[in-house]
Amino acid sequence: MSYPRVASLKNGESFCRHLSESSIELPFDEEVQTGAESPLGRSLEVHGRTIGNRFCILPMEGWDGTSDGKPTDLTRRRWRNFGLSGAKLIWGGEAVAVRRDGRANPNQLMINEGNCGEIASLREELVSTHEEHFGDSSDLMIGLQLTHSGRYARPNDKKRPEPRVVQRNVVLDRRVGVEDDSAILTDDELSRLIDDFVAAAVLAERAGFTFVDVKHCHGYLGHELLAGVDRPGRFGGSFENRTRFLRDIVAGIKAATNEMNIGVRLSVFDFVPYCPGEDRIGIAEPGSEPRKTFGGNATGDGMDLAEPSRLIELMQEIGIRMVCTTAGSPYYNPHIQRPAFFPPSDGYQPPEDPLVGVSRQVAAVEQLKKQHPEMIFIGSGYTYLQDYLPNVGQAVVARGMADSIGLGRMVLSYPELPADVIGGRDWQRKKVCRTFSDCTTAPREGIVSGCYPLDPFYKKREERDLLKAAKARLQK
């Protein structure tokens, strides 16, 4: 299956022609407006505060902290780039584990009493960089993403999974080495984990963050609980039980903090796991269990947003006003979560034009926004649009399909994108992420994440040679 690279579509007309010929629905504004009154430059009000524009930086794991969970110079550089970006909403900054056994890798940041000051310094460096370049930080909102990696925990060795799961799952158990029920967290263990999330939120407030993100996406613990239909006890089975973890964390944070706000990064739909099929093109893995996909349809290859919509209604009832949307998981169906022309080297070739994946996420958020107009929705999946990200992003915001445009991979190669778009500066095409996926392949091989193809800083690092060797080995 062959699809044109976005970079080969040399102008907006050719891009839109390809969308039309492929029956891919995406809004598109031919002229991108600039300035504070433009659709992407306008401010946004939430929690009695002003967010200065409609760009958001999404949280990413760098695999570059210390063994005890503190930031390194590489972590600090990434956060300074977030400040340099000009985006006024920083969603979580980084996935930060609330305790050791929940770390996705042995170098993931972790928040505790000993690390709180250094986590706070990340926020301070981001703010000072932002003020240096843009003057005003009063309309800058910065959160911290709190997480337990659950099934994808590797707290002690980059190559050794130590999964803690919610329920058994035939395909996913096989992938991380779960052979019996000993990996399942008990209800009492989940209750203690709720206390850990609350304690982490108290520290985040002390560190100066405006909100915390209680992570419920990408197959990590919170997300898997939402799909825990076969789990017995207080945290599984019924919708009420499957959302208890979130409700209890929110109640605990409200009781323990002064004015900490709460957001949720949510996989609003999911598919069954995919694997390489003929010619390494992705196919649904045989033996998968579609009923264990939150927001998935009966066959596991499409969306059913009934429960996600119900969850967002619940979020509003318990005081959550912001949801950062995503889909699926980078571990088992990355083509729906992170559309890319070049998949990670250990993955599979895209089974669809990656623009279909972008369109699917945009459509899902549009549907949920219509149903819940008072909720602030931050969209994801925009990086694959590449040169046409501003055109589609502006059209989405102007039409009320989402409130903010989230940027992840793109910021690793082109951190100044939000400032350039709103300021009307020349588009720096050589910095535009082309979804080479090295920022994903590297950590899969135990190497720090970064944009090795386009960022001169990472191009010169010795890890680039390690990455080349790893890719060559994987592609044999």
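Heads up: numbering here begins at 1 and tracks the sequence.
Under the 6.0 Å distance and 45° angle rule, Arg77 counts as a cation-pi partner of Phe457. A cation-pi arrangement is absent between Arg175 and Tyr332, since the terminal nitrogen or guanidinium carbon is not both under 6.0 Å from the aromatic centre and inside a 45° cone about the axis.
Phe55 has its ring centre no less than 6.0 Å from the ring centre of Tyr382. Here the two rings, on His216 and Phe294, have centers that are 6.0 Å apart or farther.
Checked by atom type and distance alone, the side chain of Ser191 pairs as donor or acceptor with a backbone atom of Asp187 at under 3.5 Å. Judged by distance alone, with hydrogens and angles left aside, the side-chain atoms of Arg164 form no donor-acceptor pair with the main-chain N or O of Ala153 at under 3.5 Å. A donor-acceptor pair under 3.5 Å links the side-chain atoms of Glu205 to the main chain of Glu259, judged by distance alone. Under a 3.5 Å cut-off, the side chain of Gln108 and the backbone N or O of Ala104 do form a donor-acceptor pair. Put simply, the side chain of Glu131 never gets that close to the backbone of Ser128: no donor and acceptor are under 3.5 Å apart. A distance-only check finds no donor-acceptor pair linking the side chain of Thr435 to the backbone of Ser437 [under 3.5 Å]. Using a distance-only test at 3.5 Å, with no hydrogens or angles considered, a donor-acceptor pair links the side chain of Ser121 to the main chain of Glu118. Side chain of Thr50 to main chain of Gly52: no donor-acceptor pair is present (N/O by atom type, distance under 3.5 Å, no hydrogens or angles). No side-chain donor-acceptor contact under 3.5 Å links Arg231 to the backbone of Gly236. Counting only distance, with no hydrogens or angles, the side chain of Arg247 and the backbone of Glu240 share a donor-acceptor pair below 3.5 Å.
Side-chain N/O atoms of Arg78 and Ser449 include no donor and acceptor closer than 3.5 Å.
Taking both residues in full, the closest heavy atoms of Leu389 and Leu417 are given as CD2-CD2, 4.4 Å, listed atom of the first, atom of the second, then distance. Contact between Val166 and Glu224 at its shortest, heavy atoms only, is N-OE1, 3.3 Å. Heavy atoms only, all atoms of each residue included: Gly83 and Thr129 are closest at C-CG2, 4.2 Å. Scanning all heavy atoms of the two residues, the minimum distance from Arg168 to Glu289 falls at O-OE2, 4.4 Å. Looking at every heavy atom in both residues, Ser137 comes nearest to Val127 through OG-CG1, 3.8 Å. Closest approach of Ala364 to Val268, counting heavy atoms only: CB-CG2, 4.3 Å.
When the options Phe82, Phe209, Phe211 are evaluated for a ring pair (Phe, Tyr, Trp, His ring centres under 6.0 Å) with Trp91, the one that passes is Phe211.
By the 6.0 Å contact criterion, CD on Glu462 is open, its count of non-hydrogen atoms from other residues, nucleotides or ligands being 12 or less. Within 6.0 Å of CG in Asp136 there are more than 12 heavy atoms belonging to other residues, nucleotides or ligands.
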Problem set entry | Test log, rule side-chain hydrogen bond (donor to acceptor under 3.5 Å, both in side chains), inputs Arg151 and Asn169 | CA-CA 10 Å; Arg151 182 175 290 277; Asn169 184 302; 5.8 Å; no
Problem set entry | Test log, rule salt bridge (Lys or Arg N to Asp or Glu O under 4.0 Å), inputs Glu445 and Arg473 | CA-CA 11 Å; Glu445 293 302 304; Arg473 184 180 69 253; 2.6 Å; yes
For this session: Tell me, with the steps shown, if Leu190 and Leu225 meet side chain to side chain contact (heavy atoms under 4.5 Å, CB included).
Result: CA-CA 10 Å; Leu190 286 177; Leu225 274 165; 4.0 Å; yes
Exercise. Under the side chain to side chain contact (heavy atoms under 4.5 Å, CB included) criterion, do Glu416 and Lys431 qualify, and how do the steps go?
Worked result: CA-CA 9 Å; Glu416 309 94 336; Lys431 290 188 171 186; 2.8 Å; yes
Exercise. Yes or no on salt bridge (Lys or Arg N to Asp or Glu O under 4.0 Å) for Glu162 and Arg160, after CA distance, side-chain angles and deciding distance?
Worked result: CA-CA 6 Å; Glu162 298 181 48; Arg160 188 175 81 243; 3.0 Å; yes
For this session: Please lay out, stage by stage, how Lys88 and His130 fare under the test side-chain hydrogen bond (donor to acceptor under 3.5 Å, both in side chains).
Result: CA-CA 9 Å; Lys88 292 292 188 174; His130 190 87; 2.8 Å; yes
For this session: Go through the steps to decide whether Phe341 and Val6 satisfy the test side chain to side chain contact (heavy atoms under 4.5 Å, CB included), and finish with yes or no.
Result: CA-CA 9 Å; Phe341 191 91; Val6 172; over 6 Å; no
Problem set entry | Full working for side-chain hydrogen bond (donor to acceptor under 3.5 Å, both in side chains) between Asp438 and Tyr458 | CA-CA 11 Å; Asp438 282 7; Tyr458 281 92; over 6 Å; no
Problem set entry | salt bridge (Lys or Arg N to Asp or Glu O under 4.0 Å) assessment of Asp139 paired with Arg49 | CA-CA 7 Å; Asp139 57 354; Arg49 297 175 60 99; over 6 Å; no
Exercise. How far apart are the C-alpha atoms of Arg103 and Asp101, what are their side-chain angles, what is the distance that settles it, and do they pass the salt bridge (Lys or Arg N to Asp or Glu O under 4.0 Å) test?
Worked result: CA-CA 6 Å; Arg103 297 172 86 184; Asp101 76 337; over 6 Å; no
Exercise. Side chain to side chain contact (heavy atoms under 4.5 Å, CB included) between Glu352 and His335: does it pass, once the steps are laid out?
Worked result: CA-CA 8 Å; Glu352 61 188 12; His335 74 282; 3.5 Å; yes
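Ring-plane geometry between Phe377 and His372 is classed as tilted, the angle between the planes lying from 30 to 60 degrees on a 0 to 90 degree scale.
With rounding to the nearest 0.5 Å, the separation of CG in Asp64 from CD in Glu463 is 9.5 Å.
Each side-chain hydrogen bond (donor to acceptor under 3.5 Å, both in side chains) pair with one or both residues in residues 318-327, not counting sequence neighbours, appears once here: His218-Thr326.
The pair Arg80-Glu132 does not meet the salt-bridge criterion, since no charged nitrogen lies less than 4.0 angstrom from a carboxylate oxygen. A salt bridge is defined here as a Lys NZ or Arg NE, NH1 or NH2 lying under 4.0 Å from an Asp or Glu carboxylate O, and Arg291 with Asp230 meets this definition. For Glu189 and Arg99, the salt-bridge test fails: no basic side-chain N is under 4.0 Å from an acidic carboxylate O. By the 4.0 Å N-to-carboxylate-O rule, Arg265 lies too far from Asp213 to be salt-bridged with it.
Residues that satisfy the salt bridge (charged side-chain N to carboxylate O under 4.0 Å, His left out) test with Arg338, not counting sequence neighbours, are absent from this structure. Taking the side chain to side chain contact (heavy atoms under 4.5 Å, CB included) definition, one finds that Thr66 meets it with Asp68, Lys70, Thr72, sequence neighbours left out.
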